[in-house]
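Labels below follow one simple rule: chain letters A, B, ... track the order of the sequence lines, proteins then strands, and each chain is numbered from 1.
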Amino acid sequence: SQQGEEDPQALSIQEGENATMNCSYKTSINNLQWYRQNSGRGLVHLILIRSNEREKHSGRLRVTLDTSKKSSSLLITASRAADTASYFCATSVRDTGRRALTFGSGTRLQVQP
Amino acid sequence: DGGITQSPKYLFRKEGQNVTLSCEQNLNHDAMYWYRQDPGQGLRLIYYSQIVNDFQKGDIAEGYSVSREKKESFPLTVTSAQKNPTAFYLCASSEGEKLFFGSGTQLSVL
């Protein structure tokens, strides 16, 4: 089951610009997380936002959550070439026996130096 | 140096052969997971284990098997019943709600 869908699928920006990625999901969630994956590597946790939170910040990252629209956005400010990676949202679904995250399809971000 | 170790990094499977992917963690986490990633795609859950000697099927368990005899180890066997095994396999463990991933195994069919 594909709970989350990211938009856009791919994004190319210049260094110093902001990058915004969106995630939509289908069912009620306990929390939503964002992960980063460099090519051919494992994923690294970036930030977690709970269903009763609307916005969260961590360094250059800003995440918003709108549970009424079942959507989240990840904003990376002042991007750097090292931010080039794929970014995935992952949801923890409420009211199921499933104790594992469901991942979206990802956004591939290319930051041009 | 704490973390999750997956081996091998690259693995080739012949037709009709079973292969086993190793995943070891020294983070003392109870829960462990296997995900499959196809090129340009997201992750799909194969199996997960919340505690030793217990595991649950994920969304795409057919053609795969696992065991969880030790807390630190969660090997994945790709059986001959899995007709399209070529993919990048990721193992993870969790502390609370956050996942920690290994560096993955690329499995290809000869």
Any chance you could measure B/Leu99, atom CG, to A/Tyr35, atom OH, to the nearest 0.5 Å?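 Those atoms lie 4.0 Å apart.
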
Look up atom CZ in A/Phe88 and atom CD in B/Gln37, then write down how far apart they are to the nearest 0.5 Å. 5.0 Å

Neighbour count >12 (heavy atoms, 6.0 Å) for atom [atom1], [X]:
X       : atom1 : value
A/Gln14 : CD    : yes
A/Glu17 : CD    : yes
A/Lys69 : NZ    : no

By residue number, those in residues 61-91 of chain B with heavy atoms under 4.5 Å from heavy atoms of chain A are B/Phe88, B/Leu90

Is there a path of hydrophobic side-chain contacts, each under 4.5 Å between heavy atoms of I/L/V/M/F/W/Y residues, joining [Y] to [X]?
X        : Y       : result
B/Leu21  : B/Met32 : yes
A/Val111 : A/Leu11 : yes
B/Leu43  : B/Tyr47 : no
B/Val52  : B/Trp34 : no
A/Leu109 : A/Leu61 : yes

Taking 4.5 Å as the heavy-atom cut-off, does anything in residues 36-48 of chain A contact chain B, and if so which residues? A/Gln37, A/Gly40, A/Arg41, A/Gly42, A/Leu43, A/His45, A/Leu48

May I ask you to list the residues in residues 75-83 of chain A that approach chain B closer than 4.5 angstrom, counting heavy atoms only, ordered by number?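 Listed by number: none.
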
Taking side chain as C-beta onward, heavy atoms only, is B/Tyr35 less than 4.5 Å from A/Leu101?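 Yes; the side chains approach each other to less than 4.5 Å.
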
Contact list for residues 95-105 of chain B, test side chain to side chain donor-acceptor pair (under 3.5 Å), sequence neighbours left out: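 Residue pairs passing side chain to side chain donor-acceptor pair (under 3.5 Å), neighbours aside: A/Asn31-B/Glu97, A/Arg50-B/Glu97.
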
Considering only heavy atoms and a distance below 4.5 Å, find which of A/Ala90, A/Ala100, A/Gly106 pairs most often with chain B. A/Ala100

